[in-house]
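I have placed the structure first, in the form of structure tokens, so that the comments after it can refer back to it.
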There are 2 protein chains.
Amino acid sequence: MESEELRNVGLKVTTPRLKILSLLESSKAKHMTAETIYRQLSEGGEVIGLATVYRALAQFEAAGLITRHQFEGGQTVFELERGPHHDHIVCVRCGRVEEFYDKVIEDRQREIAEKLGFTLSDHALTLYGECSNGTCTAKNG
Amino acid sequence: MESEELRNVGLKVTTPRLKILSLLESSKAKHMTAETIYRQLSEGGEVIGLATVYRALAQFEAAGLITRHQFEGGQTVFELERGPHHDHIVCVRCGRVEEFYDKVIEDRQREIAEKLGFTLSDHALTLYGECSNGTCTAKNG
DNA sequence: AAGCAGATGAGAATGATTCGCAAGTGAGAA
DNA sequence: TTCTCACTTGCGAATCATTCTCATCTGCTT
């Protein structure tokens, strides 16, 4: 239940938050902009202000429920923190986003940070390229 | 001479472009925002519109003279393409930016893209962390 | 010196995100 | 169950970075 998730991170359980969270959980698009979320809720008949969407997303992010990505050129997208950590590869032609995880890179990052005298707290790795023709057609997140 | 650089990439040699380029080359801060460049030129007595700064930066980027970075939370910063490719590590406390290059990661990225059916054209890797106390004090780019 | 495509400056326009505020609503206390 | 109150929300205004419009200007070629 989404109410649990909210309570667990210390957020008051409210209708807007539940709607936004469950949209994120049910949507087939893994990466959504605030605008998209707002529009989909509106189309679903919900009356939720855009500002509220932004506020909720910021809180969810702070709570670790979702992650924010800023792929080049595009708007900020939000993604539910389901499984384990991963990075992204984005098709510069069709916008398709694939996820990947690579232990070698992850380990290497930590070593590099250490060598430079930093305590690594986060990282952002996004690859850009063109995906193979067959798959590369429409836009999606 | 900066005029050469402009001609080489097919850009008309104009005063604003020369001023902006030479500021980028002479500045001790490696990463500058459009706003910063605009302000520094203004303080230097130059009359160059902010829009012109943005236009020039976009053209320089397209020409490969500079690179654009979008570190999380902050504005877009531009950096002169001097030496070879590198990635960045940013101190989340003081904003200091260090550069690094790691062949293992670079190679790995290419392999991953290939495996996923992408032709890699670019990538963005930024590490975030806290730098060791001694160095971690003021803001800079 | 003349002509023109491309460049510039100033300010308006845009788009995404945040703020301010009055009204509304969870959730624990009584 | 009702009461309270801090936390929320919706709405529109405000902000911020960036882009566009357009009338004027300026490199570069002839």
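We name chains A, B, ... by the order of the sequence lines, and we start the count at 1 in each one. Computed from a predicted structure; not experimentally measured.
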Please confirm whether the ring centroid of B/F100 lies under 6.0 Å from the ring centroid of B/H86. no

Mind calculating the distance between CD1 (B/I20) and P (C/dA7) to the nearest angstrom? 13 Å

Figure out the NZ/C1' separation between A/K19 and D/dT9, and round it to whole Å. 15 Å

Whole angstrom value for the distance that separates P of C/dG6 from CG of B/L6: 17 Å

What about A/H88 and A/F71, are their ring centers closer than 6.0 Å? yes

Between P of C/dG6 and CZ of B/R17, the distance in whole Å: 11 Å

Value in whole Å for how far the P atom of C/dG15 lies from CZ of A/R39: 12 Å

Show your reasoning for whether salt bridge (charged side-chain N to carboxylate O under 4.0 Å, His left out) applies to A/R7 and A/E5. CA-CA 6 Å; A/R7 258 191 276 285; A/E5 302 186 52; over 6 Å; no

Please confirm whether B/H123 and B/H85 have ring centers closer than 6.0 angstrom. yes

Measure the distance from CD on B/E72 to P on C/dT17 and round it to the nearest whole Å. 15 Å

Look at the side-chain heavy atoms of Ile, Leu, Val, Met, Phe, Trp and Tyr, link any pair under 4.5 Å apart, and say whether A/V13 and A/V9 land in one connected group. yes

Would you tell me whether A/T76 and A/Q70 have side-chain atoms, one donor and one acceptor, within less than 3.5 Å of each other? yes

Base versus backbone protein contacts along nucleotides 17-30 of chain D [heavy-atom cut-off under 4.0 Å; B, S, -]: SBBBB-----SS--

Tell me whether B/Y38 shares a hydrophobic cluster with B/M32, the cluster being built from Ile, Leu, Val, Met, Phe, Trp, Tyr side chains joined at under 4.5 Å. yes

Please give, in whole Å, the distance from C/dA5 C1' to B/Q59 CD? 14 Å

Terminal helix-axis angle for the helix from C/dA1-D/dT30 to C/dA30-D/dT1, with five pairs defining each axis and rounding to 10 degrees: 30°

Suppose the criterion is salt bridge (Lys or Arg N to Asp or Glu O under 4.0 Å): which pairs have a residue in residues 68-82 of chain B, not counting sequence neighbours? B/K30-B/E79, B/E61-B/R68

Does A/F118 belong to the same Ile/Leu/Val/Met/Phe/Trp/Tyr cluster as B/V92, with side-chain heavy atoms less than 4.5 Å apart forming each link? no

If you check every side-chain atom of B/I48, which of C/dG9, C/dA7, D/dG10 has the closest atom? C/dG9

